Enquirer: 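Here you go, one structure.
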Amino acid sequence: MNLFAISLRNLRVRLVSTALTALSVSLGAALVAALWSLADQADERYARSIRGYKAIVGPAEGSKLDLTLNVVLNLGDSPGVVPLRVLSELERLERSNSRFKHYAFPQVRGDSVQGFPVIGTTDLWFTKFSLEKLDTDTGTRPPLEFASGGPWSFGNDQLFPFAESMAEVYNHELLHDAAGEEGHSHNHDHEHQSYGDLVPIDWRKAVLGAEAAAVMGIGVGESITPVHGTEDSDLAHEHPEAQCEVIGVLKKTGSAIDRSIYVPAPVMLALSGHRDGSFDQEKLEPAAEDLLLSAIVLRTFDHRGADFFQRHFRSSKDAQVAWPQGEIVKLLEAIGDAKEVLHVIAWLVVLVSSLGVLVALYNTMNERRREIAIMRSLGARRSQIFSIIVVEAVALSLVGATLGVLLCHLGLSVAGGWIEDRAGIPVDGSAFLREELYLVLGLGLLGGLAGVLPAVKASRTEVQEHLTPTT
């Protein structure tokens with residue numbers, strides 16, 4: 001007697017009941033699989049996003065978590081400013097202690113294009129920043145790759161001379177404001193100068209992240225114009241003097257870089273109408289080192305470097321150092337309870353689905369007593385009847401669980417773009433987890449346990465009682 005074949009025939013005979021029961025199991029399995037997949041891909045996204053950010057130097061006041069979220073994930077507003085002298089100090093520290101060699105990537109934030117943040121930086125970002133793991137063969141980390149075009153050119157070494165020119169124009173404007181028209185008449189040599197004059201056309205270039213380029217429908221050769229403030233706000237205004245030609249589009253990285261726009265730092269620093277935010281307002285006559293940045297990203301070569309810089313700036317009035325790995329872990333721990341609640345709810349759904357298997361099989365036992373009695377009369381033992389019912393329960397659960405996992409990934413593939421737009425998490429519907437195999441097997445086992453009670457009831461069927469002709 002082929003118990004498996006008999007179990008499958010019984011399920012086919014009650015096709016509607018079988019389909020509805022398998023559907024209830026599949027919905028529970030799909031919910032659990034979706035939670036696991038989204039949580040795993042979110043964790044991977046966060047882990048990948050922070051991989052290149054060993055440390056972030058930000059404003060001395062404020063939250064390190066806010067600084068991390070803004071710089072690494074483009075969330076929230078920039079929490080403050082850091083004077084350029086901090087970048088000079090970082091270079092001095094490297095010269096005095098070669099053990100803590102690092103790359104420093106200055107950032108200037110505050111504007112956007114169609115909701116995508118515009119970040120002023122230097123071309124070191126395209127040559128030395130990396131989200132990839134260390135290549136053991138070459139001992140290096142591959143830099144960001146371009147899907148089309150290439151990077152613009154503006155180096156860290158050009159930032160300080162530009163800051164000196166900025167300071168000269170800034171102080172001239174302060175003098176003009178203080179002296180009025182009379183003071184202005186004594187400074188004809190600066191009449192023609194403005195911040196915009198300090199940014200040549202060769203610097204008015206932009207590189208777009210993959211998602212920013214795709215959503216805006218902009219490619220190499222087209223132009224963008226930064227907007228200050230939220231675009232749907234009455235206070236938002238464009239900066240036509242900062243219009244930049246797009247000369248490169250980065251390959252997709254699965255991080256916030258995909259949603260970013262990169263321009264040379266002077267494009268952001270020299271925006272008209274932002275004079276009061278350019279330099280430290282406590283300085284009566286600010287120098288180049290008082291030029292204000294939003295943050296400085298550090299890529300140290302090991303964790304000791306990040307620890308060193310954290311200790312060094314602990315008592316600084318100019319800056320503090322955030323360790324992104326630690327801050328993101330704190331964030332995930334803070335929302336961990338919510339994740340656990342969702343997991344508990346998902347498992348409760350699975351438990352209810354398994355109880356559905358029990359109820360569905362148990363309710364059919366009265367209808368099947370004559371059928372079971374006939375099988376008994378043909379030589380089927382009680383243990384065989386028990387096994388047939390348990391196999392039915394296991395088969396129902398396995399089929400339902402498998403369909404649920406497939407349904408989950410089909411749904412993630414279809415809704416992946418929608419999820420990424422709203423949650424900022426790239427979703428790959430084709431990425432299966434090993435845990436999903438355990439989910440299918442576990443539901444099969446749970447279904448088998450749910451089938452024990454109906455199986456016991458079926459195995460106790462009395463042949464004589466249920467084969468007696470009815471009148």
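These numbers come from a predicted model, not from an experiment. Here, residue 1 is the first one in the sequence, and each next residue gets the next number.
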Enquirer: Search all heavy atoms of P143 against all heavy atoms of T127 and return the closest pair with its distance.
Expert: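 Result for this residue pair: CB-O, 3.7 Å.
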
Enquirer: Is the backbone of A104 close enough, under 3.5 Å, to the side chain of N156 for a donor and an acceptor to pair up by distance?
Expert: yes

Enquirer: Does S26 use its side chain to pair, donor to acceptor, with the backbone of L23 at less than 3.5 Å?
Expert: yes

Enquirer: Counting C-beta onward and ignoring hydrogens, is there a side-chain heavy-atom pair between L87 and L159 closer than 4.5 Å?
Expert: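 In short, these two side chains touch, coming nearer than 4.5 Å.
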
Enquirer: Can you confirm whether D77 is buried at CG, in the sense that more than 12 heavy atoms of other residues, nucleotides or ligands lie under 6.0 Å from that atom?
Expert: no

Enquirer: In terms of relative ring orientation, are H102 and F309 parallel, tilted or perpendicular, with 30° and 60° separating the classes?
Expert: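 Rings of H102 and F309: perpendicular, over 60°.
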
Enquirer: Any idea which heavy atoms bring V207 and G150 closest together, and the distance?
Expert: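 Taking V207 first and G150 second, the nearest heavy atoms are CG2-O, 3.8 Å.
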
Enquirer: Are D307 and T300 packed together at the side-chain level, in the sense that at least one heavy-atom pair is separated by less than 4.5 angstrom?
Expert: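 Counting from C-beta outward, D307 and T300 never come under 4.5 Å.
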
Enquirer: Could you report the tightest heavy-atom contact between G429 and H409, atom names first, then the distance?
Expert: O-ND1, 2.7 Å

Enquirer: Side-chain donor-acceptor pair under 3.5 Å between E211 and S260, yes or no?
Expert: no

Enquirer: Would you give the length of the straight line joining atom CG of L73 to atom CD1 of I50, rounded to the nearest 0.5 angstrom?
Expert: 8.5 Å

Enquirer: Check step by step if side chain to side chain contact (heavy atoms under 4.5 Å, CB included) holds for L208 and M216.
Expert: CA-CA 10 Å; L208 308 185; M216 293 191 296; 4.1 Å; yes

Enquirer: Whether the side chain of R141 engages the backbone of S130 through a donor-acceptor N/O pair (distance < 3.5 Å, no angle test) should be reported.
Expert: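 Side chain of R141 to backbone of S130, a donor-acceptor pair under 3.5 Å: no, none is there.
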
Enquirer: Given 3.5 Å as the limit, does a donor-acceptor pair link the side chain of S294 with the main chain of R109, or not?
Expert: yes

Enquirer: Answer yes or no: is there a donor N or O on one side and an acceptor on the other, between the side chain of D258 and the main chain of G254, under 3.5 Å?
Expert: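 Flag set: sc D258 to bb G254 pair under 3.5 Å.
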
Enquirer: Taking atom CZ of R259 and atom CG of N74, what is their separation to the nearest 0.5 Å?
Expert: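 That separation rounds to 8.0 Å.
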
Enquirer: What's the spacing between L441 CG and L398 CG if we round to 0.5 Å?
Expert: 7.0 Å

Enquirer: Is a donor from one side chain sitting under 3.5 angstrom from an acceptor on the other, for D318 and S316?
Expert: no

Enquirer: Any non-hydrogen side-chain atom of L298 less than 4.5 Å from a side-chain atom of L90?
Expert: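 With C-beta onward as the side chain, the pair touches.
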
Enquirer: Can you name the nearest heavy-atom pair linking V390 to G448, along with the distance?
Expert: CG1-O, 4.1 Å

Enquirer: Between Q107 (side chain only) and V297 (backbone N and O only), is there a donor and an acceptor less than 3.5 Å apart?
Expert: no

Enquirer: Give the intermediate values and the outcome of ring pair (Phe, Tyr, Trp, His ring centres under 6.0 Å) for residues W152 and Y262.
Expert: CA-CA 9 Å; W152 36 257; Y262 297 97; 8.1 Å; no

Enquirer: Which heavy-atom pair separates V321 from V57 by the least distance, and what is that distance?
Expert: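 Shortest heavy-atom separation between V321 and V57 comes out as CG2-CG2, 4.1 Å.
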
Enquirer: With side chain to side chain contact (heavy atoms under 4.5 Å, CB included) as the test, would you mind laying out the steps for V263 and K205 before giving the verdict?
Expert: CA-CA 6 Å; V263 300; K205 308 294 182 183; over 6 Å; no

Enquirer: How far does NZ of K64 sit from CH2 of W323, to the nearest 0.5 angstrom?
Expert: 11.5 Å

Enquirer: Can you check whether L38's main-chain N or O pairs, donor with acceptor, with Q41's side chain at less than 3.5 Å?
Expert: no

Enquirer: Any side-chain heavy-atom pair from V246 and I224 closer than 4.5 angstrom?
Expert: yes

Enquirer: Please determine whether side chain to side chain contact (heavy atoms under 4.5 Å, CB included) holds for the pair T68 and Y53, giving the CA-CA distance in whole Å, both sets of side-chain angles, and the decisive distance to 0.1 Å.
Expert: CA-CA 9 Å; T68 299; Y53 299 84; over 6 Å; no

Enquirer: Quick one: pull up CD in E245 and OG in S223 and give me the separation to the nearest 0.5 Å.
Expert: 6.0 Å

Enquirer: Assess the pair F129 and Y103: is the distance between their ring centroids shorter than 6.0 Å?
Expert: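 Judged by ring-centre distance (under 6.0 Å), F129 and Y103 do not meet the cut-off.
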
Enquirer: How far apart are the closest heavy atoms of A393 and G451, and which atoms are they?
Expert: CB-CA, 3.7 Å

Enquirer: Evaluate side chain to side chain contact (heavy atoms under 4.5 Å, CB included) for I296 paired with I56, printing each intermediate quantity in order.
Expert: CA-CA 6 Å; I296 302 170; I56 302 173; over 6 Å; no

Enquirer: Taking the side chain as every heavy atom from C-beta outward, state whether V405 and V440 have any pair of such atoms under 4.5 Å apart.
Expert: yes

Enquirer: Can you find a pair of side-chain heavy atoms, one from N70 and one from L75, that are under 4.5 Å apart?
Expert: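 The answer is no, as the side chains (C-beta and beyond) never meet within the 4.5 Å cut-off.
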
Enquirer: Is the backbone N or O of A34 less than 3.5 Å from a side-chain atom of S37, with the two atoms forming a donor-acceptor pair by type?
Expert: no

Enquirer: Roughly how far, to the nearest 0.5 Å, is CD of E436 from OG1 of T402?
Expert: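 Reported to 0.5 Å precision, the distance equals 11.0 Å.
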
Enquirer: How about K251 and F146: do any of their side-chain heavy atoms sit closer than 4.5 Å?
Expert: no

Enquirer: Measuring only between side-chain heavy atoms, which start at C-beta, is I389 closer than 4.5 Å to V456?
Expert: no

